[in-house]
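Have a look at the structure below, then the notes.
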Amino acid sequence: MLTWTTDHRPPTIWTRLYVRGMQLNRDKRAFEGERHTLRTARDRQRKGNRPPTRWTRATRHVTTQTVDGVRVWKVRPRHRAPRVRVVYVHGGGYIHPLTRDYWRLVTALARVPAEVVVPAYPLAPDATVDDVLPVLLDVEAATAASGPPLPTVLMGDSAGGALVLSMGRCGGRELRRRLVGIIALSPWLDATLADDRVIELEPTDPMLAESGLRAAGRWWAGIRDPADPLVSPVNADPEGLPPLDVFIGDHDILRPAVDRFARRLEPSRTSLHVHESTSMFHVWMTRAIPEGSRTRAELVRLVRVRVGAVSDPPDRVVG
């Protein structure tokens with residue numbers, strides 16, 4: 001079952017200025033060309049993952065544990081028991097570590113109230129999907145075993161959006177029993193970027209460039225073909241997955257694969273709701289812009305819906 005909601009509201013003036021700043025700063029250069037992409041990735045990997053911000057630590061209860069050699073942060077409300085566990089898998093093209101922006105979203109998600117689990121997983125080109133996917137499944141199982149029994153939502157952005165879909169497909173019976181939803185934010189569904197519209201969209205995307213992104217997809221695939229369903233969920237069998245929600249902006253070069261994914265799921269029994277925002281860029285919901293704040297509030301509401309804390313209003317088109 002497929003539903004599609006489109007938010008047609010124009011971007012705020014602040015967001016237009018923010019995007020202009022991204023363009024002037026040449027943010028997308030991080031993914032321009034294979035050699036430069038690798039050099040940038042190595043530099044960011046040396047600097048390491050950004051830990052939870054001071055604001056997150058001041059307003060939420062933050063703990064850490066190590067699973068299979070991977071550092072895992074757990075963020076939850078200080079004075080409320082969580083009703084759901086959100087396993088959040090960060091993006092970054094499989095090659096960039098956690099940044100400060102992610103903690104803005106994680107901090108918001110804890111309001112559900114939720115325990116938000118954030119693994120700092122190994123990155124390409126040193127690690128591949130075959131190395132990391134089992135580790136992420138172990139992280140989910142270990143955190144479930146170490147805390148109270150809670151329903152689970154898998155959530156990830158960009159590369160993490162692809163990973164949570166693969167986790168949902170490859171997880172065992174216990175994970176499927178806990179799982180109440182998968183939410184993919186600006187997901188990288190096709191590592192090959194094979195659609196011709198990717199080239200057409202690139203001038204409008206202030207963050208991603210296809211040349212370096214294709215290289216990152218090859219590194220992540222390892223011995224697999226980048227079109228392998230484990231790397232490119234657009235090619236995977238969707239049957240048996242819990243309700244899926246995909247958030248995408250129309251100024252994102254990953255947008256075309258969402259159309260293909262929706263067509264693939266439409267005749268299946270899996271429920272898919274695509275939330276599209278016009279004029280939005282890649283993973284806008286982590287940024288300090290009005291549209292980011294609005295989408296974070298929607299994600300909090302959506303997680304509450306998935307655990308039955310609030311009712312789900314009828315689908316609508318926002319004009």
Side-chain angles (χ1 to χ4, degrees), residues 45 48-52 63-75 84-99 102-103 105-106 109 114-147 150-189 191 216-217 219-224 226 228-233 236 238 240-242 244-246 283 303:
Q45 289 173 16
N49 293 286
R50 290 294 298 268
T63 59
T64 63
Q65 68 180 104
T66 300
V67 180
D68 291 356
V70 168
R71 188 174 189 185
V72 180
W73 282 279
K74 292 195 283 188
V75 179
V84 61
R85 182 172 290 109
V86 178
V87 178
Y88 190 90
V89 183
H90 74 85
Y94 302 116
I95 56 176
H96 294 166
L98 280 158
T99 65
Y102 289 116
W103 298 111
L105 175 54
V106 168
L109 290 171
E115 176 184 80
V116 189
V117 178
V118 186
Y121 59 90
L123 302 171
D126 300 317
T128 71
V129 64
D130 288 296
D131 302 317
V132 174
L133 187 56
V135 172
L136 290 176
L137 291 170
D138 285 349
V139 166
E140 190 283 328
T143 52
S146 64
L150 292 170
T152 297
V153 171
L154 299 179
M155 185 184 300
D157 69 278
S158 191
L163 273 168
V164 294
L165 287 166
S166 293
M167 289 175 68
R169 286 182 55 239
C170 299
R173 182 181 303 172
E174 288 302 307
L175 171 58
R176 291 190 177 229
R177 184 179 59 81
R178 290 188 291 270
L179 204 52
V180 294
I182 298 177
I183 303 174
L185 312 175
S186 303
W188 189 6
L189 298 176
W219 299 331
W220 182 249
I223 63 172
R224 295 178 182 268
D228 186 292
L230 209 60
V231 184
S232 296
L241 290 174
L244 306 179
D245 288 270
V246 171
V283 196
V303 174

Between Ser146 and Lys74, is there a side-chain heavy-atom distance shorter than 4.5 Å?
yes
Let me confirm one number: the CZ-CD distance from Arg177 to Glu174, rounded to the nearest 0.5 Å.
4.5 Å
Decide yes or no on side chain to side chain contact (heavy atoms under 4.5 Å, CB included) for Val117 and Glu140, but give the supporting numbers first.
CA-CA 8 Å; Val117 178; Glu140 190 283 328; over 6 Å; no
If you define the side chain from C-beta out and look only at heavy atoms, does anything of Val67 sit under 4.5 Å from Pro119?
no
Minimum heavy-atom distance between Leu179 and Gly168, given as atom pair plus value:
CD2-CA, 4.3 Å
For residues Met167 and Leu175, report the shortest heavy-atom separation together with the two atoms involved.
O-CD2, 3.7 Å
Residues Pro233 and Trp188: closest non-hydrogen pair is CD-O, 4.2 Å
Can you tell me how far apart CG (Leu123) and CD (Gln45) are? Round to the nearest 0.5 Å.
5.0 Å
Ignoring hydrogens and angles, tell me if any N or O in the side chain of Arg176 forms a donor-acceptor pair with the backbone of Gly240 under 3.5 Å.
yes
Quick check: does any side chain N or O of Asn49 sit under 3.5 Å from a backbone N or O of Leu98, one acting as donor and the other as acceptor?
yes
Do side-chain atoms of Asp228 reach the backbone of Leu230 as a donor and acceptor pair under 3.5 angstrom?
yes
Beyond-backbone contact of Leu165 with Ile182, side-chain heavy atoms, under 4.5 angstrom
yes
Any Val180 side-chain heavy atom under 4.5 Å of Pro242 side chain:
no
Assess the residue pair Val89 and Tyr121 against the criterion (side chain to side chain contact (heavy atoms under 4.5 Å, CB included)); give the C-alpha distance rounded to whole Å, side-chain angles, the decisive distance to 0.1 Å, and a yes or no.
CA-CA 8 Å; Val89 183; Tyr121 59 90; 3.6 Å; yes
Locate the shortest heavy-atom distance separating Leu137 from Gly171; write the atom from each residue and the value.
CD2-CA, 3.9 Å
Are Val153 and Ile183 side-chain neighbours, meaning at least one heavy-atom pair lies under 4.5 Å?
yes
Can you tell if the side chain of Trp220 reaches within under 4.5 Å of the side chain of Ile95, non-hydrogen atoms only?
no
Just do the side chain to side chain contact (heavy atoms under 4.5 Å, CB included) check on Thr143 and Gln65 with the steps written out, would you?
CA-CA 9 Å; Thr143 52; Gln65 68 180 104; 3.7 Å; yes
When rounded to the nearest 0.5 Å, the distance separating CG of Asp157 from CG of Leu163 is 10.5 Å
Students often mix this up, so state it plainly: with edges at 30° and 60°, are the rings of Tyr102 and Tyr88 parallel, tilted or perpendicular?
tilted
List the atom of Pro226, the atom of Ser232, and the distance in Å for their closest heavy-atom pair.
O-OG, 2.6 Å
Can you find a pair of side-chain heavy atoms, one from Leu185 and one from Leu105, that are under 4.5 Å apart?
yes
Identify the heavy atoms of Ala141 and Arg178 that sit nearest to each other, and give their distance.
CA-NH2, 4.2 Å
Any non-hydrogen side-chain atom of Val106 less than 4.5 Å from a side-chain atom of Trp73?
no
Would you check, one step at a time, whether the test side chain to side chain contact (heavy atoms under 4.5 Å, CB included) holds for Asp138 with Val70?
CA-CA 10 Å; Asp138 285 349; Val70 168; over 6 Å; no
